[in-house]
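Below: one structure, written as structure tokens.
Just so you know, these numbers come straight off a predicted model, no measurement behind them. In this chain, residues are counted from 1 in sequence order.
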Amino acid sequence: MKAGDIVRILAPIAGYKKYHFCICLPQNGISGKFLFLNSDPSYKDCLNIDCSKISFLPPSETGFTSISFSIFARYTDEKLNLYEAEVLGEMPREILAEMLEFLKTVKSLPRPDKELVRDTLNDLLS
């Protein structure tokens with residue numbers, strides 16, 4: 001698993017596996033950070049992508065994969081193992097570029113988190 005991967009992780013409260021975009025892995029006792037991928041395009045600060053653009057994800061009922069930029073999901077190594085994290089593939093490069101452009105409009109993500117996302121996307125695109 002690495003930054004840029006799309007990962008399926010069991011969400012124990014929801015009772016099923018959900019999809020996430022890896023920003024950074026856990027290290028030195030600090031949790032890894034992930035953006036949620038949803039199917040509901042109505043959430044605040046979501047970049048809505050046609051499902052067909054991420055071929056290894058199943059299509060959603062809405063026809064969209066919505067990348068949520070409002071909050072990080074945070075997981076330790078132990079939780080990633082416990083919740084059966086599984087890498088499905090890498091985010092396509094053209095979507096990384098869309099994410100970077102969309103990030104400029106995001107208001108709800110705290111500045112340090114927004115900077116981390118920006119730096120990660122820039123690294124993935126370089």
Side-chain angles (χ1 to χ4, degrees):
M1 184 181 316
K2 63 188 180 314
D5 285 342
I6 294 179
V7 183
R8 184 170 45 203
I9 303 172
L10 175 67
I13 293 173
Y16 56 89
K17 293 186 177 187
K18 299 186 107 183
Y19 303 101
H20 300 73
F21 174 74
C22 181
I23 297 297
C24 67
L25 294 174
Q27 58 182 335
N28 303 322
I30 298 172
S31 297
K33 296 172 181 70
F34 299 78
L35 294 176
F36 290 104
L37 304 184
N38 299 303
S39 59
D40 185 345
S42 66
Y43 290 115
K44 180 179 183 174
D45 284 340
C46 278
L47 172 61
N48 300 309
I49 303 292
D50 186 290
C51 283
S52 65
K53 290 186 175 184
I54 307 174
S55 62
F56 52 85
L57 288 182
S60 72
E61 293 176 3
T62 64
F64 292 101
T65 297
S66 300
I67 305 166
S68 175
F69 287 86
S70 60
I71 191 169
F72 282 150
R74 299 172 193 270
Y75 296 100
T76 62
D77 281 322
E78 294 78 18
K79 293 295 184 189
L80 290 171
N81 287 324
L82 179 65
Y83 299 151
E84 304 168 349
E86 175 187 5
V87 175
L88 301 179
E90 294 179 7
M91 184 67 80
R93 187 172 179 79
E94 62 273 9
I95 296 176
L96 295 173
E98 287 182 57
M99 291 171 68
L100 187 58
E101 188 62 29
F102 182 79
L103 185 63
K104 296 173 186 175
T105 69
V106 170
K107 303 287 187 220
S108 58
L109 199 61
R111 179 176 287 155
D113 293 348
K114 193 172 177 178
E115 290 171 357
L116 177 60
V117 173
R118 184 198 63 224
D119 292 348
T120 298
L121 292 171
N122 278 323
D123 288 346
L124 291 168
L125 288 165
S126 66

Listed pairs under 3.5 Å, donor-acceptor, residues 11-34 side chains, sequence neighbours left out:
unit_1, atom_1, unit_2, atom_2, d
Lys17, NZ, Glu84, OE1, 3.3
His20, ND1, Lys18, O, 3.4
His20, NE2, Tyr75, OH, 3.1

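- No donor-acceptor pair under 3.5 Å is formed between the side chain of Asn38 and the backbone N or O of Asp40.
- Leu37 and Leu10 fall into different hydrophobic clusters, where Ile, Leu, Val, Met, Phe, Trp and Tyr side chains are chained together by heavy-atom contacts under 4.5 Å.
- Note: Leu116 CG to Leu109 CG = 9.0 Å, rounded to the nearest 0.5 Å.
- Residues meeting the salt bridge (charged side-chain N to carboxylate O under 4.0 Å, His left out) test with Glu61, sequence neighbours left out: none.
- At least one donor-acceptor pair closer than 3.5 Å links the side chain of Thr62 to the backbone N or O of Ser39.
- Here the side chain of Asp5 pairs a donor or acceptor atom with the backbone of Lys2 at under 3.5 angstrom.
- For the pair Leu88 and Glu86, the minimum side-chain heavy-atom distance is below 4.5 Å.
- For the residue pair Val106 and Lys114, the shortest heavy atom distance occurs at O-NZ, 2.7 Å.
- Arg93 is linked by a salt bridge (charged side-chain N to carboxylate O under 4.0 Å, His left out) to nothing, counting only residues two or more places apart in sequence or in another chain.
- Residue Ile67 holds its CD1 atom at 7.5 Å from OG1 of Thr65, rounded to the nearest 0.5 Å.
- What you find for Ser108 and Lys44 is that their closest heavy atoms are CB-CE, 4.2 Å.
- For Asp45 (side chain) and Lys107 (main-chain N/O), a donor-acceptor pair under 3.5 Å exists by modelled atom type.
- Using a 4.0 Å cut-off between charged side-chain N and carboxylate O, Arg118 and Asp123 make no salt bridge.
- Here the side chains of Met99 and Phe69 are in contact, with some heavy-atom distance below 4.5 Å.
- In this structure, CE in Met1 is found 12.5 Å from CD1 in Ile6, a value given to the nearest 0.5 Å.
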